[in-house]
Amino acid sequence: MSMRSVFFVISLTLAGPLLAAEEEEADDPLEGNVKLGYLATTGNTETSSLNTSFEARYVVGQWHHEATASAINASENKVTTAEAYEAGWKTGRDFTDRDFVFGRLNWRKDRFGGFNTQFSQTVGY
């Protein structure tokens, strides 16, 4: 079985439950999605890349909460060429259609970026 076939089978396997979830009622306060991608090639060089992300949102009344996470990894000839991770949390409360408050935390680690680790906090109205 070729790598393209494996990727296609994985894509179809993951797509079925995700498409079925979209058909559920919109009244559920919890919603989210998961993404997964993997690509590997062989020939003169061996490369692979993996990316994945997760998002969840929980809404009850005027409160809403969001959680996110992602990871990226790539290599060429068994040497890592990219590696990054990120996670975040956001909470907010709506007062009116135009007035709301929120708080957000975000963490990022990137082995190949200008900064090794970043952490940010945001509060807003």
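If you're wondering where the values come from, they're calculated on a predicted model, not measured in any experiment.
Listed by chain and number, the residues in a salt bridge (charged side-chain N to carboxylate O under 4.0 Å, His left out) with Arg93 amount to none (sequence neighbours excluded). In terms of the side chain to side chain donor-acceptor pair (under 3.5 Å) criterion, Arg104 has no residue partners (sequence neighbours excluded). Evaluation of the side chain to side chain donor-acceptor pair (under 3.5 Å) rule for Glu46 yields no partner, not counting sequence neighbours. In this structure, Asn44 has no side chain to side chain donor-acceptor pair (under 3.5 Å) partners at least two apart in sequence or on a different chain. For Thr45, the side chain to side chain donor-acceptor pair (under 3.5 Å) test picks out no residue, with sequence neighbours left out. Every residue was checked against the salt bridge (charged side-chain N to carboxylate O under 4.0 Å, His left out) condition with Glu76, not counting sequence neighbours, and none meets it.
Residues Ser48 and Ser75 bring a donor and an acceptor atom of their side chains to less than 3.5 Å of each other.
By the 6.0 Å and 45° rule, Lys35 does not stack over the aromatic ring of Phe54.
Using a distance-only test at 3.5 Å, with no hydrogens or angles considered, a donor-acceptor pair links the side chain of Thr96 to the main chain of Arg98.
Residues Glu86 and Asn106 meet the side-chain proximity criterion, which asks for heavy atoms closer than 4.5 Å. Glu83 has its side chain out of reach of Asp110: every pair of non-hydrogen atoms, C-beta onward, lies at least 4.5 Å apart. Side-chain contact between Tyr38 and Ser49: absent, with no pair of heavy atoms (C-beta onward) separated by less than 4.5 Å.
Other residues, nucleotides and ligands contribute at most 12 non-hydrogen atoms within 6.0 Å of the CZ atom of Phe100.
In this structure, Thr80 and Arg111 approach most closely via the heavy-atom pair CG2-NH1, 4.1 Å.
Grouped by direct or indirect side-chain proximity (heavy atoms under 4.5 Å, Ile/Leu/Val/Met/Phe/Trp/Tyr only), Phe95 sits with Val101, Tyr125. Chaining together hydrophobic side chains whose heavy atoms lie under 4.5 Å apart places Phe119 alongside Tyr85, Leu105, Trp107. Through direct or relayed side-chain contacts under 4.5 Å between Ile, Leu, Val, Met, Phe, Trp and Tyr, Tyr58 connects to Leu30, Val60. Annotation for Val79: hydrophobic cluster partners, listed by chain and number, are none (ILVMFWY side-chain heavy atoms under 4.5 Å, direct or chained).
Residue pairs meeting the salt bridge (charged side-chain N to carboxylate O under 4.0 Å, His left out) criterion with at least one partner in residues 116-125, sequence neighbours excluded, are absent.
In this structure, the separation between CG on Leu36 and CG on Leu50 is 6.0 Å, given to the nearest 0.5 Å. Rounded to the nearest 0.5 Å, atoms OG1 (Thr117) and CZ (Arg108) are 10.5 Å apart.
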Side chains of residues 63-73: which donor-acceptor partners sit under 3.5 Å, not counting sequence neighbours?
unit_1: His64; atom_1: NE2; unit_2: Asp94; atom_2: OD1; d: 3.4
unit_1: His65; atom_1: ND1; unit_2: Thr91; atom_2: OG1; d: 3.1
unit_1: Glu66; atom_1: OE2; unit_2: Arg57; atom_2: NH1; d: 2.5

